[in-house]
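A, B, ... follow the sequence lines: proteins, then strands. Residue 1 opens every chain. Just so it is clear, the structure is predicted and the values come from calculations on it, not from any experiment.
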Amino acid sequence: MSAKRILTAIFLALASVLPAQAAPLRIEITEGVIEPLPVAVAPFIAETPDARQYAADIAKVVGQNLVGTGLFREIPQTAFISQITNFDAGVQYADWKAINAQALVTGAVSVASDGRIVVKFRLFDVFSEAPLGDGLQFVGDAATWRRMAHKVSDQVYSRITGEGGYFDSRVVYVAESGPKDARQKRIAIMDYDGANVQFLTDAASIVLAPRFSPQGDRVIYTSYETGFPAIYELNVNTVTRRRLDVPIDGMTFAPRFAPDGQTVVYSLAEGGNTDIYTLDLRTGASRRLTSSPSIETAPSYSPDGSRIVFESDRSGTQQLYVMGTDGSNPQRISFGPGRYGTPVWSPRGDLIAFTKQNEGRFHIGVMRTDGSEERLLTASFLDEGPTWAPNGRVLMFTRESAGAEGAPALYSVDISGRNLKRVPLNGPASDPAWSPLLP
Amino acid sequence: MTTGAYISATAHAVLILFLLFGGLLEWNRPPEVSVADVSVVTEEEFAALTRPETSPEVATDAVAPAAPPVEEAPPVTAPVEEAAPEVPEPAPQPEAAEADAPAAPLPEPAPQPETEVTETAPPVEAPPVADDRPEAPEEVAPAPAPRVAPEPAAPAPPQAEEAPVVVEETVPSPEPAEVVEEEQVAAAPPEATTEIVTEAEKPKELAPASSPRPKTRPERKPEPVRTAETPKPETPKPAAEPKPAAETPRDAVADALAAALAGDTAPEAPRAAPSGPPLTGGEREGFRVAVQECWVVDVGSQAANVTVTVGVEMNPDGTVAGGQVRQISASGGDGSAQRTAFEAARRAILRCQKGGYALPVEKYDQWRDIEMTFNPEGMRLK
């Protein structure tokens with residue numbers, strides 16, 4: 001970098017000596033700051049009297065969503081110089097510049113005659129004195145006001161960051177209750193931020209590792225209903241389930257959908273050996289992908305469906321490998337100290353998240369798909385099971401505290417390692433899986 | 001035998017005594033008297049030496065009247081545009097929410113009245129605590145902090161509040177002398193570290209053996225100081241009198257002066273600028289630092305892979321002409337990432353210009369056109 005600077009300096013010196021006065025001054029800026037962007041979310045205007053509560057709630061959730069990313073900072077409304085009183089009126093940019101707001105969100109909510117609510121919003125780039133994209137409006141059932149707030153947030157987020165949002169999404173996880181040695185486990189579903197928790201199964205049998213389908217309409221998970229672990233598929237909308245047609249003489253677990261939604265990859269333990277299989281949901285045909293005498297498990301497809309990453313102890317320690325979807329050409333990608341497990345391919349396709357155990361601590365980390373540029377994001381007594389947000393920007397995982405009183409909880413962290421925080425839930429929770437962005 | 005024992009005992013006793021008390025000879029040496037030169041100064045000289053540094057009084061004059069009560073915008077009558085523009089159909093929402101085209105096109109924003117709302121400086125002077133810190137050892141790892149910036153800044157000491165980034169309307173105080181003591185809350189710049197420290201990189205020990213401190217006091221971009229706080233009771237000069245530049249080593253003063261001067265000279269902007277000497281390294285560096293302080297990089301985003309070059313035309317007062325920043329080139333990333341990178345660069349330039357960048361007006365010809373390359377390569381996550 002210093003060589004580059006020297007070259008730049010020489011170039012600039014030469015450029016300034018040259019007589020041509022048209023040559024512009026050239027400056028290279030290589031160091032910026034990493035800090036939350038100040039955003040003003042103006043109180044949403046209630047255009048009908050009965051929309052007042054919705055307006056307040058929606059604006060609040062939008063602010064919380066943006067701040068929760070760690071990328072934005074909300075300017076308190078008490079600092080506002082001018083107020084937005086009319087959704088269609090012009091914006092006094094100078095007033096928003098004065099409080100250093102870089103983006104301004106305005107909105108309005110009304111209740112239509114059929115009882116549905118209409119949410120409108122606009123986004124402004126304050127210092128450029130221009131709107132950022134067109135105004136949009138969403139119409140929906142009053143009960144779904146939170147989803148509409150999430151949709152507004154997704155739009156704001158993606159227009160500012162240039163990337164997809166992740167607010168209008170859900171997470172399935174295992175809700176736990178009871179003492180540590182006799183935990184009851186249920187599959188539960190919640191909004192990405194921990195709101196609207198609903199249980200999908202009862203506590204009669206132990207359930208593990210729920211995973212969303214690529215469309216977000218189904219969940220597959222492992223259940224000990226029959227005494228042995230077996231894979232079930234559950235329809236999220238109808239809450240009906242069926243057992244998948246996989247060999248019943250062994251233990252099947254760690255299922256995950258392929259990007260096509262019609263193939264499931266899973267592990268089968270038989271006679272002390274665990275290998276990876278795929279199941280075609282349309283034909284019911286199973287296919288074996290690995291056949292080494294070691295333990296191969298935790299498979300995860302790449303988003304383009306061309307490769308599978310999995311963990312294996314074939315080298316003597318638990319490491320990560322990438323192979324073709326037919327089991328061909330397995331390549332080891334993890335080489336650091338410690339043990340690697342539960343790899344998950346990012347929806348962007350650029351990174352693989354994993355759990356790492358080293359020197360008595362657990363980490364959630366990410367690496368390139370060839371194993372390079374490994375970065376550990378967390379460290380604790382027990383972190384495991386990462387899952388990606390739909391935009392590949394945030395990871396959610398399980399963190400369990402030590403001791404008899406220790407209980408698992410869900411945490412999330414930005415892939416930069418910043419913004420580590422706990423997902424607010426009432427009881428112990430583990431094994432989260434993030435849905436795609438809802439339609 | 002006994003003789004040997006006596007000799008041995010005596011020798012040992014002497015040795016022990018020497019070890020015990022021999023050192024006293026050293027300790028008993030009288031302490032050296034330190035001598036310092038003294039000279040007599042007059043009362044005036046002493047006053048001049050100890051006069052607290054005050055912020056430029058000129059700022060008061062330039063700024064205070066300029067903060068008008070919130071001005072009512074001219075009523076905006078939404079001009080009904082010819083045809084509603086086709087809005088891209090947003091994601092369909094079958095059961096929950098439907099997206100429709102906006103009810104009305106966004107009316108043209110009202111023409112901005114010429115408000116002089118000055119950008120008040122959020123981070124106020126750091127308390128002296130920051131100054132007296134001992135030099136930190138070279139290899140101190142940066143502590144986790146909410147802000148990552150080229151220059152580290154220590155966390156605010158408990159008695160100091162972090163400078164509020166949001167500053168309320170500046171109200172000219174009728175009795176400046178009275179406000180001073182109350183308003184001058186010790187405030188520190190926002191805590192910053194030089195690199196991202198993840199949980200995994202934090203030391204295991206909760207209590208560090210030594211407290212990591214920044215090596216030197218961070219060089220902050222000086223900004224105009226809040227006017228309500230500037231006047232001091234003991235300041236002898238009238239508020240309107242600007243200090244000569246020679247007496248004002250801090251750039252804050254230079255900034256305020258430049259702002260004030262710019263305000264005076266703005267009407268005669270299109271002057272015949274001489275094609276003088278090129279900018280000095282310091283002037284160029286000062287400009288670069290001023291812009292980079294406002295360049296917010298989202299290191300986890302795709303836009304962090306984009307190097308973007310933008311061009312601006314400057315006014316003689318150091319502001320961007322027409323607020324226009326144009327993209328010249330961009331490399332890396334997809335279209336969306338390039339657009340985001342450009343917008344971040346544009347925000348940086350426009351946000352930090354405030355009253356105008358501190359560039360020497362006599363060299364205007366040299367910086368009328370500026371091309372800036374924003375290269376986040378060194379900041380990217382590794």
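- If you measure heavy-atom distances from B/Ile196 to chain A, the contacts under 4.5 Å come from the side chain alone.
- Of the two parts of B/Arg339, only the side chain, counted from C-beta on, holds a non-hydrogen atom closer than 4.5 Å to a non-hydrogen atom of chain A.
- Applying the side chain to side chain donor-acceptor pair (under 3.5 Å) criterion to A/Thr85, with sequence neighbours excluded, gives no partner residue.
- By number of non-hydrogen pairs under 4.5 angstrom with chain B, the leading residue of A/Arg368, A/His363, A/Arg418 is A/Arg418.
- Proximity to chain A (any heavy atom under 4.5 Å) is shown, for B/Ile349, by neither the backbone nor the side chain.
- Ring geometry, A/Phe138 versus A/Phe121: the interplanar angle falls under 30°, so the pair is classed parallel (tilted spans 30 to 60°).
- Residue A/Ser158 touches chain B through its backbone alone, counting heavy-atom pairs closer than 4.5 Å.
- Comment: B/Glu199 engages A/Arg399 in a salt bridge, judged by a side-chain N to carboxylate O separation of less than 4.0 angstrom.
- For B/Glu313, there are no side chain to side chain donor-acceptor pair (under 3.5 Å) partners two or more places apart in sequence or in a different chain.
- Both the backbone and the side chain of A/Ile415 come within contact range of chain B, with heavy atoms under 4.5 Å apart.
- Among A/Leu377, A/Val126, A/Leu71, A/Leu376, the residue making the largest number of heavy-atom pairs under 4.5 Å with chain B is A/Leu377.
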Requested in this report: Please assess A/Trp145 against A/Val109 for the test side chain to side chain contact (heavy atoms under 4.5 Å, CB included), listing each intermediate value before the final yes or no.
Outcome: CA-CA 10 Å; A/Trp145 67 268; A/Val109 183; over 6 Å; no

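- The distance between the ring centers of A/Phe124 and A/Trp96 does not fall below 6.0 angstrom.
- A salt bridge links B/Asp298 with A/Arg393: the distance from a Lys NZ or Arg NE/NH1/NH2 to an Asp or Glu carboxylate oxygen falls below 4.0 Å.
- For chain B, no part of A/Ile117 is nearby; none of its heavy atoms comes within less than 4.5 Å.
- Between chain A and the options B/Trp295, B/Trp367, B/Phe287, heavy-atom pairs under 4.5 Å are most frequent for B/Trp295.
- Residue contact with chain B, scored on non-hydrogen atoms closer than 4.5 Å, is absent for A/Asn419.
- Remark: side-chain polar atoms of B/Arg347 are not paired, donor with acceptor, to backbone N or O of A/Asp125 under 3.5 angstrom.
- For the options A/Leu37, A/Leu437, A/Val118, A/Val119, heavy-atom pairs under 4.5 Å to chain B are most numerous at A/Leu37.
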